[in-house]
Amino acid sequence: MQLSTSKIEALKEQLATPQSIVILSHTNPDGDAIGSSLAWAEILRKQGHQVTCIVPNRYPYYLEFMPNISDIVVFKNDDKGVAKEALRRADIIFCLDFHLLSRLEQLGDIIDDNQHAKRILIDHHLDPSEDFDLMISYSEASSTCYLVALIIEKMFGIEHISRTMAENLFVGMMTDTGNFAFSSVTPDVFRVVSHLAETGISIPDIHTNVYNSFSEGRARLFGYVINRKMKIFHNGTVAHMSLTEEEMRRFWFQQGDSEGFVNYPLTIKKMKISAMFTEHSDFIRVSLRSRGNIDVNLFAQRYFNGGGHKNAAGGKSFMSMEETLAHYEKCIKEYAAEGML
Ligand code: 5GP
Ligand code: MN
């Protein structure tokens, strides 16, 4: 993967003098969203820019160890209006790790208050919208953190990646690639990782912090979901699981606790598609994963107002849980009838 030289030149031009910058990432921010935002913020601050990182809602508790994460403004809890003021003042708004302004939910409504700021996208999702003045968008990139590392390398030199930046970037590179196991992983990803490792980060510590720092409730919830809520159909090749708000309360649910559950059915050899449906106050969140050539990005776009990547996508349903599950099963039949499964 080669970054476009003209885009990097355009980016350099935008950043030639100190700017007031906002970095935004998506709702339900994950390791890649947070890691890319924090690393990008750190290098920009070092270049003399003023930077505010904003996410629409809270990040999961197990990411709290990430360096400088407390600098991130959580729009939902922002009683003092810090986010609104930073957005109003911004010369540049960077949008990291998402491709549609709708993924900002209510935060999206206030970015229109600022019509003079340049909007710059740095992302790796398929089919980005046209709402940006500059788009650094590579769907073949395995994570936004990897992209940010390449941009830093090309603009300033890889030696400008500090240990804290490396730690943040490593989190996103690791989580978005399923521990460097997905088909999006290239030799160059490991080249970048080797530079990150050179800064002295502790890979075992990061791994433990991300994957072995959950609550007891999460472990019990996982057992419950797999044992009681996983339905397998379509000749053993399709699975779905669901969680209602009542079930989440029963297991002392904290945001992020069901992250990753959707991958588990794909540990079954025959499995092709897995879906997880989680109930929220006014919609059901849909999370989809697939194996190989099966395209859940298209499936999410068509049937669940969503999108993402070929093998990992998401969306929303505004029906009841029962209707949503029935809709999913019907859509699977239709998809299979078209030869897409
Ligand atoms: P996850 O299942 O981990 O929440 O999301 C998987 C992928 O699907 C992510 O890359 C995410 O950006 C994308 N995605 C999740 N929810 C939505 C959604 O509501 N709309 C769109 N367009 N993409 C989504
Ligand atoms: Mn990502």
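- The shortest heavy-atom contact between His116 and Ala90 is NE2-O, 3.0 Å.
- Paired with Phe156 under the rule side-chain contact (heavy atoms from CB on, under 4.5 Å), one option of Ile151, Ile161, Ile43 passes, and it is Ile43.
- A cation-pi arrangement, defined by a distance under 6.0 Å to the six-membered ring centre and an angle within 45 degrees of its axis, is absent between Arg228 and Tyr224.
- Using modelled atom types, one side-chain atom of Arg45 and one backbone atom of Val51 make a donor-acceptor pair closer than 3.5 Å.
- Side-chain atoms of Asp30 come within 3.5 Å of backbone atoms of Ala33 as a donor-acceptor pair (strictly under, hydrogens ignored).
- Under a 3.5 Å cut-off, the side chain of Thr27 and the backbone N or O of Arg103 do form a donor-acceptor pair.
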After noting the C-alpha distance and the side-chain angles of Glu329 and Lys231, does the key distance pass the salt bridge (charged side-chain N to carboxylate O under 4.0 Å, His left out) rule? CA-CA 11 Å; Glu329 292 188 17; Lys231 177 172 174 189; 2.9 Å; yes
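- The backbone N or O of Arg289 lies less than 3.5 Å from no partner atom in the side chain of Asn311, so there is not a single donor-acceptor pair.
- The number of heavy-atom neighbours closer than 6.0 Å to NZ of Lys76, taken from other residues, nucleotides and ligands shown, is 12 or below.
- When side chains are defined from C-beta on, Phe318 counts as touching Lys316, because their heavy atoms get closer than 4.5 Å.
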Side chain to side chain donor-acceptor pair (under 3.5 Å) between Tyr59 and Glu64, worked out: CA-CA 8 Å; Tyr59 38 82; Glu64 273 163 16; 5.7 Å; no
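- Side-chain N or O atoms of Asp78 include one that pairs as donor or acceptor with a backbone N or O of Ala83 at under 3.5 Å.
- Taking the six-membered ring for Trp and the full ring otherwise, the centers of His99 and His124 sit at least 6.0 Å from each other.
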